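Everything numeric in this text was worked out from a predicted model, so none of it was measured.
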Protein chains: 2
Amino acid sequence: MPKVTIYDVAKRAGVSAATVSKVLNGTGRISPETSQRIRAAIEELRYRPNLIASALKKHQTFSVGLLVPDITNPFYAALARAVEDQALAHNYAVLICSTDNIAEREEKQLELFLRQRLDGLIVATSEAMGQEFFNTLHQSQVRVVFIDRVIPNVPYPVIATDHYLGSYLATEHLIELGHREIAIFLEPLTLRSSLERLRGFAKALEAHQIKFDDHLVFSEGFGVEAGYELAQRMLAQKGPQELPTAIFAATDQLAIGALQYFHEKGINVPDQISLIGYDDIQMAKMVSPPLTTVAQPITELGHQAFEVLLGTQALSATTTLLPPRVIIRSSTAAPLPQS
Amino acid sequence: MPKVTIYDVAKRAGVSAATVSKVLNGTGRISPETSQRIRAAIEELRYRPNLIASALKKHQTFSVGLLVPDITNPFYAALARAVEDQALAHNYAVLICSTDNIAEREEKQLELFLRQRLDGLIVATSEAMGQEFFNTLHQSQVRVVFIDRVIPNVPYPVIATDHYLGSYLATEHLIELGHREIAIFLEPLTLRSSLERLRGFAKALEAHQIKFDDHLVFSEGFGVEAGYELAQRMLAQKGPQELPTAIFAATDQLAIGALQYFHEKGINVPDQISLIGYDDIQMAKMVSPPLTTVAQPITELGHQAFEVLLGTQALSATTTLLPPRVIIRSSTAAPLPQS
DNA sequence: TTGAAAGCGATACCAG
DNA sequence: CTGGTATCGCTTTCAA
């Protein structure tokens, strides 16, 4: 059972390989009869074009690479899924790599991707990428689009969620519910995304004449654990009496950690304290109470990234910000009347 | 800035392309000096071998494909991660595709993968795969290993978790805690994996002389919602008095759904009822109380799959079952003394 | 409408 | 130890 090539098909159909290639690609004009015969031969031989050979000639691999910090993170998994779907629809394959935001891994994988001569690269990874990474990118001439993180001075298209707006909306949701004492939980402020969220938060307060209080900003660590600790710290700093009436957790994981702590302490959400998250990870709707949160338009992000990447436009430094959306569930409510 | 090829390097180093190829691949013997010169040229020109061309010649793409039902499912994301890591360590790329267990998608993607001439395929998808899929697989001669699902009569290696054993261990954990009335929540019994879990459960009961009670088997639907509904149904069928003292939920999602329902009903876990899950998804440790569960050796699965796939062994119909492990957290405890 | 032939960029055999 | 050359499987002029 040797591999069947385009020549086998050609022979079978009594034509030349060139002609077969033409019907395969829909290029050139072929008479309906020959075309039929060729299609038949393809079927009979179960011929499968060798994309490797085709890629070598056409300089097109029908593959894109996706660099994410960690595919295990639900957000990136969802992003990957969106890219995948779009890719499959266009008969493209997606190569995925988790980099853990480790420069070394990023560079190694980038190197591999470049050797594979991918048609494009979607980068959804660290803002701490080494200069090395950009140099390589630049001199390699691959098509690249950055996604999810707004990185300043990137000479490529950036597609991201408008976290400033998202935070603004989240905060405003709380304010409209009647909250005036609102704490914010954030991941480290070294992250641009954290800063953006803080900015949106502050702006919303300002817009509603609520004064911004430094003591209500809690930031440290990542993930659920951090949320738990931040809640703990908040409780320790303020007596249960002077607790804010609401918290804006800048990630759902933070929110879930806090929620867990409140559970343990018998603090009812949303009766005693409202809690709004950010990201709308799958878990958000599974916790109890289901978390009000801000959903990023993940699918949109993935789709757009793919489309821009494979579009005919020259890729330039443009930033596209997609609007997030507040998803109201049950962890936010009006504050209790002053007791 | 035209692409630099092996010929450019050769010219620059004053040798032939053949020689460059040799140092690139470590084949043949080259004098240290020429080797040095060539390496220098590679550096200076920032030459990146074209894997496409190489693959065409060598019939080796350094890429493997991974077919999963949904990368968005934490279990498969973890699996993908394990494969990725192993791949990166071997300088392989991983193409990932979520099929949603839809035969059409599976076949389309398989077709794409075959055209890409991948070195191997890891299939972690539906047991309901069409015959078509297998036919294609078989006549295409790709190396394939199945992972996670034990599919009968597959002429390829299967690497999976021993769910029979896992369920046995989970159930035994409950029994050793002192439980005698144990319910089991399952996904539909049309799934082989559900059947296996039920079998392990029954066997553990039997081993401890506990009689198996049909009325304590609840099965329907998938995911958190199903867990919630199953718990609801159980409560409806049995008064709060005659509730079993423990539940073995055959997936964490089921367990989490149940947990949520119990929260709402004010039923304390584990004081009133113990709950053990299965899978050890990330969420398991984040819920409250953190879920005792059975962890699949996901990383091991992924690693082994990759190694077997790229090993030199001819691939035959062998099934490797890896042992799962009970992770004891806080959702299980001894039953309350009879009140 | 069809086909001959020249590559795409690398590898491998075999000669020197 | 090094290099010429055929070749991997397909695409693409260009001529017929």
Side-chain angles (χ1 to χ4, degrees), chain A residues 1-39 41-42 45-63 91 112 114-119 140-141, chain B residues 1-39 41-42 45-63 91 112 114-119 140-141:
Chain A
M1 313 287 122
K3 297 274 180 296
V4 8
T5 76
I6 199 171
Y7 285 99
D8 301 315
V9 176
K11 188 174 300 173
R12 174 88 172 208
V15 296
S16 76
T19 308
V20 177
S21 173
K22 280 170 192 143
V23 341
L24 245 24
N25 297 284
T27 52
R29 19 194 83 272
I30 270 74
S31 79
E33 303 82 57
T34 11
S35 179
Q36 261 323 307
R37 247 183 316 134
I38 291 174
R39 284 175 200 297
I42 289 176
L45 264 33
R46 299 180 164 291
Y47 168 65
R48 241 180 290 278
N50 183 329
L51 285 193
I52 298 297
S54 159
L56 180 56
K57 186 69 192 177
K58 298 209 287 193
H59 302 285
Q60 222 205 336
T61 53
F62 290 97
S63 307
N91 292 314
L112 276 182
L114 291 177
R115 293 178 178 212
Q116 304 261 14
R117 300 295 194 266
L118 303 185
D119 292 344
S140 77
Q141 312 222 162
Chain B
M1 313 294 120
K3 298 274 183 294
V4 8
T5 77
I6 199 171
Y7 287 98
D8 300 316
V9 176
K11 186 174 302 173
R12 173 86 171 209
V15 295
S16 77
T19 308
V20 176
S21 175
K22 278 169 194 145
V23 340
L24 244 26
N25 297 282
T27 53
R29 20 195 80 274
I30 269 77
S31 79
E33 302 82 58
T34 3
S35 178
Q36 261 322 309
R37 247 183 316 134
I38 292 174
R39 286 175 200 297
I42 289 176
L45 265 33
R46 297 180 165 292
Y47 167 65
R48 242 180 291 275
N50 183 329
L51 285 192
I52 298 298
S54 164
L56 180 57
K57 184 68 190 173
K58 297 209 286 195
H59 302 285
Q60 222 205 335
T61 52
F62 290 97
S63 307
N91 292 314
L112 277 183
L114 291 177
R115 292 176 181 217
Q116 303 260 14
R117 299 297 195 264
L118 303 186
D119 292 344
S140 77
Q141 312 221 166

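Of the possible polar contacts, one joining the A/Ser63 side chain to the A/Thr61 backbone as a donor-acceptor pair under 3.5 Å is found.
Counting to the nearest Å, the C1' atom of D/dG9 and the NE2 atom of B/His59 are 9 Å from each other. Summarising the geometry, the separation between CZ on A/Arg48 and C1' on D/dC8 is reported as 19 Å, rounded to the nearest angstrom. One can place CZ of B/Arg115 at 21 Å from P of D/dC8, the figure rounded to the nearest angstrom. Between the C1' atom of C/dA10 and the CD atom of B/Gln60 lies a distance of 14 Å, rounded to the nearest Å. B/Arg117 has its CZ atom 9 Å from the P atom of D/dG9, to the nearest Å. Rounded to whole Å, the distance from CD1 on B/Ile38 to P on D/dT2 is 8 Å. Residue A/Ile52 contributes atom CD1, which lies 14 Å from atom P of C/dA10 at whole-angstrom precision. What separates OH of A/Tyr7 from C1' of C/dA5 is a distance of 9 Å, to the nearest Å.
In this structure, of C/dA10, D/dG3, C/dC8, it is D/dG3 that holds the atom nearest to the side chain of B/Val15. Nearest to the side-chain atoms of B/Thr5 among the listed nucleotides D/dG9, C/dG9, D/dT11 stands C/dG9.
Nucleic acid contact class of B/Val20 (heavy atoms, under 4.0 Å, all strands): none.
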Please tabulate, one pair per line, each protein N/O and nucleotide N/O from nucleotides 12-16 of chain C that are separated by under 3.5 Å, including the distance.
none

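Side chains of B/Gln36 and B/Arg39 form a contact here, defined as non-hydrogen atoms less than 4.5 Å apart. Using a 4.5 Å cut-off on side-chain heavy atoms (C-beta onward), B/Ile42 and B/Leu24 make contact. Residues B/Arg48 and B/Lys3 form no side-chain contact, since every pair of their non-hydrogen atoms from C-beta on lies 4.5 Å or further apart. Within the 4.5 Å cutoff, the side chain of B/Ile30 has no heavy atoms near those of the B/Val15 side chain. Counting only heavy atoms from C-beta outward, the side chains of A/Asn50 and A/Thr5 never approach each other to under 4.5 Å. For the pair B/Asn25 and B/Lys58, the minimum side-chain heavy-atom distance is below 4.5 Å.
For B/Arg115, the salt bridge (charged side-chain N to carboxylate O under 4.0 Å, His left out) criterion is met by B/Glu111, not counting sequence neighbours.
Residues from residues 28-35 of chain B lying near DNA chain D, meaning a heavy-atom separation below 4.0 Å, are B/Arg29, B/Ile30, B/Ser31, B/Thr34 in numerical order.
The phosphate of D/dG3 (OP1 or OP2) has a side-chain N or O of B/Ser16 nearer than 4.0 angstrom.
Contact between B/Ala17 and B/Ile6 at its shortest, heavy atoms only, is O-CD1, 3.7 Å.
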